[in-house]
There are 2 protein chains.
Amino acid sequence: MKNRRLFWSIVERIEKLIDSGQYPPGSRLPPERELAESFEVSRPTIREAIIALEVLERVEVKTGSGVYVLEHKKQNTEHVISAFELTQARALVEGEAAALAATTISEEELARLKQTLVEMEKGINPDAADKEFHLIISTATRNNAILMAVSEFWKLRDSSPSVKVAYKGVCSQSDEKRTEEHMDIYKALESRDSQAARAAMHHHFNRLINALFEASEAKALEEVRRQTSQTRDLYSLSHLVS
Amino acid sequence: MKNRRLFWSIVERIEKLIDSGQYPPGSRLPPERELAESFEVSRPTIREAIIALEVLERVEVKTGSGVYVLEHKKQNTEHVISAFELTQARALVEGEAAALAATTISEEELARLKQTLVEMEKGINPDAADKEFHLIISTATRNNAILMAVSEFWKLRDSSPSVKVAYKGVCSQSDEKRTEEHMDIYKALESRDSQAARAAMHHHFNRLINALFEASEAKALEEVRRQTSQTRDLYSLSHLVS
DNA sequence: TAAACAAATTGGATTTACCAATATTTTCAA
DNA sequence: TTGAAAATATTGGTAAATCCAATTTGTTTA
């Protein structure tokens, strides 16, 4: 990592100064020559760092005037989303996706679903098989908006460290249950039964939510347990008609 | 526009060369010195342009080796999503969101919902009131993953020209119906009735889907009408239990 | 033939210099 | 005294030359 070019470290240092509040949005950065001196690098290096910050939309350069700090508009990835929220959302969306897919899924997609079940039983990379299973169903809805939403959920799961560790502890200890539930979903889709598919998907995620709660409760103290119970109520699927 | 710094125009010219296929992903760009000569600018300017392209993740710089073109991963994931797909997806997700929100929505949020109804009745910027209405409900789910999904749907609607025109013709001619349906959803939420909220939301979008079909059918020829009917079946909400 | 060395290539960084746009100060006239 | 115009200083924009370090390539040598 130390082979990174020099200007990247300057970018980091300037970003730190901005984030620390030393240069709030709207304020002007010191002139390039001063920055070069204080960072003990040459002016071209400072310029490169400023250009990088400009491309990153953190600063704005006004010729002859100076470099100004922009309002940091956070990317939408800044949502703080817990494993519970994510699982509940997946239950709702993928439940409906399964119900939809039951009427639109092709034979070829059913075959591919079956393949993921085999892979999962063998235990070779079961997480990849899991992901493929759910994405095949989303694709089978013939609705790209739903596919997009489910894909975003997976992106979230793969990118959020906290979600990843939460799932890690839960999935590994119940691989056989996961496989069973996938099988139930598959059977419902195979028989083109929308309501059964939705119910099976809900059952799948409901077990996951409860497992998440048990895992988190195991770590929690006695006092917070009551709070957790209230939270469990918030994320339960009891409001569902099925 | 004319005051743009020089290196931005170099960025554009290099991007054009990449997009034209002259420098496909994986290939190496000419050395900085050559680029400087061919673009008739100095080497520092070329370096600045390359740094900008690097920040934009279009190229990768390997010290001592060269500048390599990266696979251009489109951030938009330009899914082609039709107004029908979007509406169906919104129906499913926002239907569940309404059902969830019925048990978690606050008095303050109910008051804000009512405010959007008033604004919509007055006819002052009804589309903004519409958007706010749906986002308040999504927020009231206390689930940021659902809020994120619904926000993405709105982003899609606002950014896709084809979807925008499809909605345009439908919403304007039925403002009073939209207001009525919003009122029904509001009442269900106010009485904390999950199933009624879901049903009202489904009814809202079901009417929208049918209106979209009528609008598209009006433009369609007699021969394609049969196809359209099949499509309508694909996007209907008949698979829903409610 | 293969490993080791040497040279050429290429990007990395600095210094210096000068230009152009902008901001500030000074000057001078009303 | 005041206000506008002009001079000056500041600041970013671009260029050229120079040296360094990493990589690649070609040649030599064991």
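Quick note on labels: first sequence line is chain A, next is B, and so on, each numbered from 1.
Along DNA chain C, the nucleotide closest to Leu29(B) and the one closest to Val41(A) are compared, and the more 5′ of them pairs with Leu29(B).
With a 6.0 Å cutoff to the six-membered ring centre and a 45° limit on the axis angle, Arg90(A) counts as a cation-pi contact of Trp154(A).
Closest heavy-atom contact between Val59(B) and Ile50(B): CG2-O, 4.0 Å.
When the P atom of dG13(D) is taken as reference, atom CH2 of Trp8(B) falls 12 Å away, rounded to whole Å. In this structure, Lys62(B) places its NZ atom 13 Å from P of dG12(C), rounding to the nearest Å. Rounded to a whole Å, the CD atom of Glu60(A) is 18 Å from the P atom of dT11(D). Regarding Tyr68(B), its OH atom lies at a distance of 9 Å from the P atom of dG11(C), rounded to whole Å. Rounded to an integer number of Å, the gap from Leu35(A) CG to dT11(D) P is 11 Å. Separating the CD atom of Glu40(B) from the P atom of dT14(D) is a distance of 15 Å, rounded to the nearest angstrom.
Rounding to the nearest 0.5 Å places OG1 of Thr141(A) at 8.0 Å from CD of Glu85(B).
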So which protein nitrogen or oxygen atoms get under 3.5 Å of nucleotides 5-10 of chain C's nitrogens or oxygens?
unit_1  : atom_1 : unit_2   : atom_2 : d
dT10(C) : OP1    : Arg28(B) : NH2    : 3.4

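Environment of CD in Glu37(B): sparse, with no more than 12 heavy atoms of neighbouring residues, nucleotides or ligands closer than 6.0 Å.
Between Lys155(B) and Glu152(B) there is a salt bridge, since at least one side-chain N of the basic residue sits less than 4.0 Å from a carboxylate O of the acidic one. Ion pairing of Glu181(A) with Arg178(A) is absent here, as no side-chain N (NZ or NE/NH1/NH2) approaches a carboxylate O to less than 4.0 Å.
Sorted by residue number, the members of residues 43-54 of chain A with any non-hydrogen atom under 4.0 Å from DNA chain D read Arg43(A), Arg47(A).
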Using the rule given for ring pair (Phe, Tyr, Trp, His ring centres under 6.0 Å), can you reason through His134(B) versus Phe205(B), listing the C-alpha separation, both sets of side-chain angles and the distance that settles it, and then say yes or no?
CA-CA 12 Å; His134(B) 286 278; Phe205(B) 282 110; 5.7 Å; yes

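Results of the side-chain contact (heavy atoms from CB on, under 4.5 Å) test with Val163(A) over Thr87(A), Leu86(A), Leu212(A) single out Leu86(A) as the only residue that passes.
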